[in-house]
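Please read the structure below before turning to the comments.
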Amino acid sequence: MAEVWNPDLSTEIAGVKFKNPVMTASGTFGSGMEYGEFVDLNRLGAVVTKGVSNMPWPGNPTPRVAEVYGGMLNAIGLQNPGIDVFLERDIPFLKQYDTKIIVNVCGKSVKDYVEVVERLGEESAVALLEINVSCPNVKEGAIAFGQKTDALYEITSELKKHARQPIMMKLSPNVTDIGEMARAAEAAGADALSLINTITGMKIDIHRRKFALANKTGGMSGPAIKPIAVRMVYQAAQAVKIPILGMGGIATAEDAVEFLLAGASAVSVGAMNFVDPYATVEVIDGIEEYMRKYHVGKISDLIGAVR
Amino acid sequence: MKQKTTGIVLSQREIAPAVFDLWLETALAREARPGQFIGVYPKDRSTLLPRPISICEVREDRKALRIVYRVAGQGTREFSAYREGERVELLGVLGNGFPVEQGKGKRVFLMGGGIGIPPMLELAKALKEQKEEQRDIQKAGQGQGQEQGQGSGEGLGAEKENDNGVISSIMGYRDSQTFLKEDLERYSRVVIATEDGSVGTKGNVMDAIRENGLEADVIFACGPMPMLRAIKAYAAEKGIPAYISLEEHMACGVGACLGCVVKTREKDPHSHVNNARICTDGPVFEAGEVEI
């Protein structure tokens, strides 16, 4: 008689329990409203929102996106309506669903970040804060905090003083040693890490002899970056004890399992939402299938299982 | 509701150099309106994103869609090789269409430039249908108290001619490859401008209006940005509304990524930073609302 194998897909990051390890990469899913038309948001482990700042940000000029081999470049520039609108509109929307809310926080100065983190502290529905210190598309702030260990240490320790929720530092791949960055964040008190953000790239339109993006450079995402992301998640996982949310080019459940095996406690689907609006749910179903096939009882049996 | 679904190629032919006319059997046809678009996914996974292509026509039974597109890169080159029976992944129906009701009882300009011409066909069709419905209502009103069918034969022909004159399709082409001209003539009076002067007015659609002394109460347009800017200025000068369909590089097509924005005059309710999303807040905007 065939054995019925019921895997437990739940996972945990910094004391927050998630029903499954599949989330949405910040900036690819808005606050869930748009993709809620395609997928049942109740099925997701969490929705990680688009970055929110203390004030409305207009973002960069267009063109903001360009396709590249196996992926895309974006230079949106963290356009967002600001924390006021976000708390009034986006949080109440997300609260209707049985999914965890992770808010991505961005700013130009430590003070900006602190302000947003404090405002979010009043909102108990927000489970976790993802601190964006790695957006390559804004001139001030953001990545300036994510490419030097001392700056990362400083902002992390400062935010830790003000945050009511656990904080997860989102790291940039545009560094020489990801392990060093991971250790700096951990030493400063970060509760978790998420990586990778996009990889800085460029595309030139040879017919028009112009940059494909108005910002000249943009962040690369999509399946083409996955091997780099897996490597960095592995290196970060080797360097620290805090949990990691892994992402970068995840298109399928197999990709997601690869990240878990490399050391991620959960994963985010990013650019692939644009390719397949049902990608998140397909990844969840596929992970369950993988666990049945290989008789894996729980997600923690996979996390960092390959050393 | 938006969905990702599979369509089947019914037919495809090249109607002008590098311009392809593709009929797809798809569930998306049921809800498609003029000015809306679909995302077409290349099968080659090195090109991931859906290509936004406007809806040119919806088949009468609402089970098939026609798209007319120009080969512009790797994705559209792949599409151009599709033959009958090919299965294609589609995302749709996307965007808000043209506000057809704004053409009610008015003299209408449909202005299309190059590959901006295709969406004008379904719009011309819808405007003509609207006009006929209106006329039927008026006729029914006039017919009250009279005997049915009385004197309707002659009047209808004359009226039809006038009606047709009211919808003017002013189309700008590069040269004598005037694709979709015959289709547009079924629903509207067609005026042509060509860059090389081989057909109609030599010049652009604005030159064609002037040369023919045409007037309108409302404009619907789709085409390259310089044309849309000229139309915006013209509409402002004449004090008439112009509904223009914009284009921008897109990633998601559903309003999530904020890739395809346009500066707006007023703060829009979504972005709060005067950046409307072309894919979901548009692609059609009243020209006065956007900074182009």
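Since the model is a prediction, treat every value here as computed from it, not as a measurement. Letters A, B, ... mirror the listed sequences (proteins, then strands); counts begin at 1.
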Does B:Arg45 reach the main-chain N or O of A:Gly70 with its side chain, forming a donor-acceptor pair under 3.5 Å? no
Specify the closest pair of heavy atoms between B:Lys4 and A:Val275, including all atoms of both residues, with the distance to one decimal. NZ-O, 3.1 Å
Working to the nearest 0.5 angstrom, can you tell me the gap between A:Trp57 CH2 and B:Ser271 OG? 15.0 Å
Could you check whether atom CE of A:Met55 has more than 12 heavy atoms from other residues, nucleotides or ligands sitting under 6.0 Å from it? no
Minimal heavy-atom distance between B:Val273 and A:Asn80, with the atoms involved, is CG1-O, 4.1 Å
Can you list the steps and then say if B:Cys252 with A:Tyr35 is a side-chain contact (heavy atoms from CB on, under 4.5 Å)? CA-CA 10 Å; B:Cys252 73; A:Tyr35 283 110; 3.2 Å; yes
Contact class of B:Glu248 relative to chain A, heavy atoms under 4.5 angstrom: side chain
Where the side chain of A:Glu37 meets the backbone of B:Lys2, is there a donor-acceptor pair that is under 3.5 Å apart? yes
For A:Pro58 against B:Lys263, the heavy-atom pair lying closest together: CB-NZ, 4.3 Å
Other residues, nucleotides and ligands only: do more than 12 of their heavy atoms fall within 6.0 Å of CD on A:Glu289? no
Looking only at heavy atoms, which two atoms of B:Pro269 and A:Arg89 are closest? And how far apart? O-NH1, 3.2 Å
Output for pair (B:Met250 CE, A:Thr62 OG1), nearest 0.5 Å, gives 11.0 Å
Which of the residues A:Tyr278, A:Tyr69, A:Phe38 is involved in the greatest number of heavy-atom pairs with chain B at under 4.5 angstrom? A:Phe38
Please check if the number of heavy atoms outside B:Glu247 that lie under 6.0 Å from its CD is greater than 12. no
Sub-4.5 Å side-chain heavy-atom contact between A:Met72 and B:His249: no
Can you tell me if B:Arg87 has over 12 outside heavy atoms packed within less than 6.0 Å of its CZ? no
Which heavy-atom pair separates B:Leu48 from A:Glu67 by the least distance, and what is that distance? N-OE2, 2.9 Å
d(B:Thr280 OG1, A:Met33 CE) to nearest 0.5 Å is 12.0 Å
If you draw a 6.0 Å radius around CZ in B:Arg30, do more than 12 non-hydrogen atoms from other residues or ligands fall strictly inside? no
Should the heavy atoms of other residues, nucleotides or ligands under 6.0 Å from NZ of A:Lys216 be counted, would the total exceed 12? no
Looking only at heavy atoms and a cut-off of under 4.5 Å, which of B:Glu89, B:Gln74, B:Met1 has the most pairs with chain A? B:Met1
Could you have a look at B:Thr47, B:Leu258, B:Val254 and say which one has the most heavy-atom pairs with chain A under 4.5 angstrom? B:Leu258
Check B:Pro50 against A:Phe274 and note the closest heavy-atom contact, atom names and distance. CD-O, 3.7 Å
Can you tell me which of B:Cys260, B:Gly253, B:Ala251 forms the most heavy-atom pairs within a distance under 4.5 Å of chain A? B:Ala251
With a 4.5 angstrom heavy-atom cut-off, is it the side chain or the backbone of A:Val85 that approaches chain B, or both, or neither? side chain
